[in-house]
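Everything below concerns the one structure shown next.
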Amino acid sequence: MRRTRIAEIIAAESIGARCTVMGWVRTRRDSKGGFSFIEINDGSSLAGLQIIADQELANYKSEILKLQTGCSIKAAGTLAESPGKGQKVELKAEEIEVLGWADPDIYPLQKKRHSFEFLRSIAHLRPRTNTFGAVARVRNAMAHAIHTFFQERGFIYLHSPIITGSDCEGAGEMFKVTTFDLNRAPEKEGDIDFTKDFFGGPANLTVSGQLEAEIYALAMGDVYTFGPTFRAENSNTSRHLAEFWMVEPEMAFCDLEENAALAIEFLKQIFASVLANCKEDMEFFNRFIDSTLIKTLEALISHDFEILTYTEGIEILKKAGQKFEFPVEWGVDLQSEHERYLCEKVFKGPVVLIDYPKEIKAFYMKMNQNEKTVRAMDVLVPKIGEIIGGSQREDDHDALYERIKEAGLNTDDYWWYLELRKFGSVPHSGFGLGFERLIQFVTGLSNIRDVIPFPRTPGNLSF
RNA sequence: UCCUCGGUAGCUCAGUCGGUAGAGCGGGUGGCUGUUAACCACCUUGUCGGCGGUUCGAGUCCGUCCCGGGGAGCCA
């Protein structure tokens, strides 16, 4: 008999139906009435299924009474209305087969809460816990919602390369990719001779698919990337990973205002989708992680996002009469305390800041007529601060050329990026969003290492 | 990378003034119950992160290294 997922059983409530379930035992409670309650979970939902194992079962004494947390079983029987509280249906087992034992003396998961730090050290078992099962389901639902959002709007999903030849943004340490034996790399005039390496030149793991997305936007119109990116920064925080997933839409014939409008629409749709499709998991996070979670997301969905310029934002902060650790002056990059003040105290909601000083933003952002600010935008949300960063791109060849030089970068390295502005250049815009940070915001989990299955951070490459 | 707080039983933690360790949970046994992280009784568990130093004596004080949490910077 084919197995039925517990999520389907709970949804259908088809009393009297015969079915087979398979999963991992969470807990067993024995009744002297001559039967046992076995709660199993198969990952399809937060809720498990209660199985009634009667002493008449052939292996009741030899096996059922020895089942412990972590064992895997197959149970066949009939669905019945549950007389107990806490569940509507339960499975009256006619046959239970133990698929795999889990020695309780050494199985690390218990029927209680563990610290996230401990669970990180057992990343091979942590998806069997309520929290990490819920994270995995929510992460999946969000990935699906992201694709749905763009596909519904006719965007082309672009597979940007993982290995790249150039330092894309001139920002962020990159991981080198080589086939050299590092102890015997060929040298030329004291330096490693990468012309003899696999690609005939230095190669890195990508830090962003944006420049490649621009290429395709200037042919296909609207594209998006959604894949892993890498930063070799030695930053050990609850918001940074060496390997993380990024979403980067890029739109031709699109200015900054339309870009911001899409970003806002994007966030609202993703949040609405998760609340609708992961109700049970979101209620779990709301109960155990952050009790304001659902309220916050619902508010974001229904409220307008405030849009104001960097200059206006600075003025508000200066007039606020609030002591900041970092003083506010036009030209400084906003600290998270400033971003949070704007969101949480001034506007009590999300804020989109646009038109930043060119000195604090990347070279590819389009210069405004005042020659002081560029068409950049940051979407700021309460608690987290910046969640999306984007811009209208510089589409004027000569202006871009100058900006690359100003940034101290080699214009030759960007020959193809410059040529896009030479042949049929059009206004275009895009934004980038760290997938894990979005999951953090949605789930309320405070450490980014807990929203990705296998976190890569400095000094840590287990699993 | 910097600041800061930590590392003690399988897990979560306590350990006062320096005198070689405790609780809860888990696990085991028994009892009880259509039970719900069940409950009750008894039993069980230690390289006190590593190395070095001070001391008659170090979980405790000092040095150093490793690992983790929180914050900062940078960013996504």
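In what follows, chains carry the letters A, B, and so on, assigned in the order in which the sequence lines appear, proteins first and then strands, with residues in each chain numbered from 1.
Note on A/Lys88: nothing from the nucleic acid sits closer than 4.0 angstrom, heavy atoms only. Note on A/Ser82: a base of the nucleic acid sits closer than 4.0 angstrom, heavy atoms only. A/Asp105 comes within contact range of the sugar-phosphate backbone alone, with a heavy-atom separation under 4.0 Å but no base atom that close. Contact annotation for A/Phe35: base contact, defined as any heavy-atom pair under 4.0 Å involving a base atom. At a threshold of 4.0 angstrom between heavy atoms, the contacts of A/Pro108 with the nucleic acid are absent. Using a 4.0 Å heavy-atom cutoff across all strands shown, A/Glu90 reaches at least one base atom of the nucleic acid. Across all strands shown, A/Ile52 has heavy atoms under 4.0 Å from base atoms, whether or not it also approaches the sugar-phosphate. Note on A/Leu241: a base of the nucleic acid sits closer than 4.0 angstrom, heavy atoms only.
The number of heavy-atom neighbours closer than 6.0 Å to CD of A/Glu265, taken from other residues, nucleotides and ligands shown, is above 12. Residue A/Phe35 qualifies as enclosed at atom CZ: its count of foreign heavy atoms under 6.0 Å is above 12.
Atom name C1', nucleotides B/G34 and B/G7: the rounded distance is 44 Å, in whole Å. As rounded to the nearest Å, B/G18 and B/G68 have P atoms that lie 32 Å from one another. For the C1' atoms, the distance from B/U54 to B/C42 is 45 Å, rounded to whole Å. Rounded to whole Å, the C1' atom of B/A9 lies 11 Å from the corresponding atom of B/C13. If you take atom C1' in B/A72 and the same atom in B/G15, they sit 33 Å apart, rounded to whole Å. With P as the reference atom, B/C5 and B/C43 are 41 Å apart, rounded to whole Å. Nucleotides B/G27 and B/C17 are separated by 37 Å at their P atoms, to the nearest Å. If you take atom C1' in B/U20 and the same atom in B/U55, they sit 14 Å apart, rounded to whole Å.
The ring of A/Phe244 lies on top of the base of B/A76, close enough and flat enough: under 5.5 Å between centres, under 30° between planes.
Comment: A/Lys358 does not engage A/Glu394 in a salt bridge, judged by the lack of any side-chain N to carboxylate O separation of less than 4.0 angstrom. Between A/Glu8 and A/Arg5 there is a salt bridge, with a side-chain nitrogen of the basic residue lying less than 4.0 Å from a carboxylate oxygen of the acidic one.
Side-chain N/O atoms of A/Lys66 and base N/O atoms of B/G28 include no donor-acceptor pair closer than 3.5 Å. Counting atom types as modelled, A/His114 pairs no side-chain N or O with a base atom of B/C11 as donor and acceptor under 3.5 Å.
The nearest heavy atom of RNA chain B to A/Gln87 and to A/Gln110 marks one nucleotide each, and the one closer to the 5' end goes with A/Gln110. Looking at which nucleotide of RNA chain B each of A/Gly389 and A/Arg449 is closest to, the 5′-most match is held by A/Arg449.
In summary, the side chains of A/Ser36 and A/Asp30 do present a donor paired with an acceptor at a separation below 3.5 Å, with no hydrogens or angles considered.
Phosphate contact (OP1/OP2 of B/A38, side-chain N/O of A/Thr27, threshold under 4.0 Å): present. Regarding contacts with the backbone of B/G10, every side-chain N or O of A/Gln68 stays at 4.0 angstrom or more from both OP1 and OP2. For B/A38, one of the phosphate oxygens OP1 or OP2 lies less than 4.0 angstrom from a side-chain nitrogen or oxygen of A/Arg29. For B/U36, neither phosphate oxygen OP1 nor OP2 lies less than 4.0 angstrom from any side-chain nitrogen or oxygen of A/Arg26. Between A/Thr237 and B/C75 there is no side-chain polar atom (N or O) within less than 4.0 angstrom of OP1 or OP2. An OP1 or OP2 oxygen of B/U35 is reached within less than 4.0 angstrom by no side-chain nitrogen or oxygen of A/Ser31. At B/G69, one or more side-chain N or O atoms of A/Asn447 fall inside 4.0 Å of OP1 or OP2 (strictly under the cut-off).
Under the Watson-Crick or G-U wobble criterion, with both distances below 3.5 Å, B/A72 is paired with B/U1. B/G22 and B/C13 make up a base pair, with Watson-Crick or G-U wobble contacts both under 3.5 Å. Remark: B/G57 base-pairs with no nucleotide; criterion is Watson-Crick or G-U wobble with both hydrogen-bond distances under 3.5 Å. If you check B/G6 for Watson-Crick or wobble pairing at under 3.5 angstrom, you find it paired to B/C67.
Two rings, from A/Phe230 and A/Phe244, have their centers 6.0 Å or more apart.
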Would you sort out whether A/Phe435 and A/Phe226 count as a ring pair (Phe, Tyr, Trp, His ring centres under 6.0 Å), showing the intermediate values?
CA-CA 9 Å; A/Phe435 187 42; A/Phe226 185 9; 5.0 Å; yes

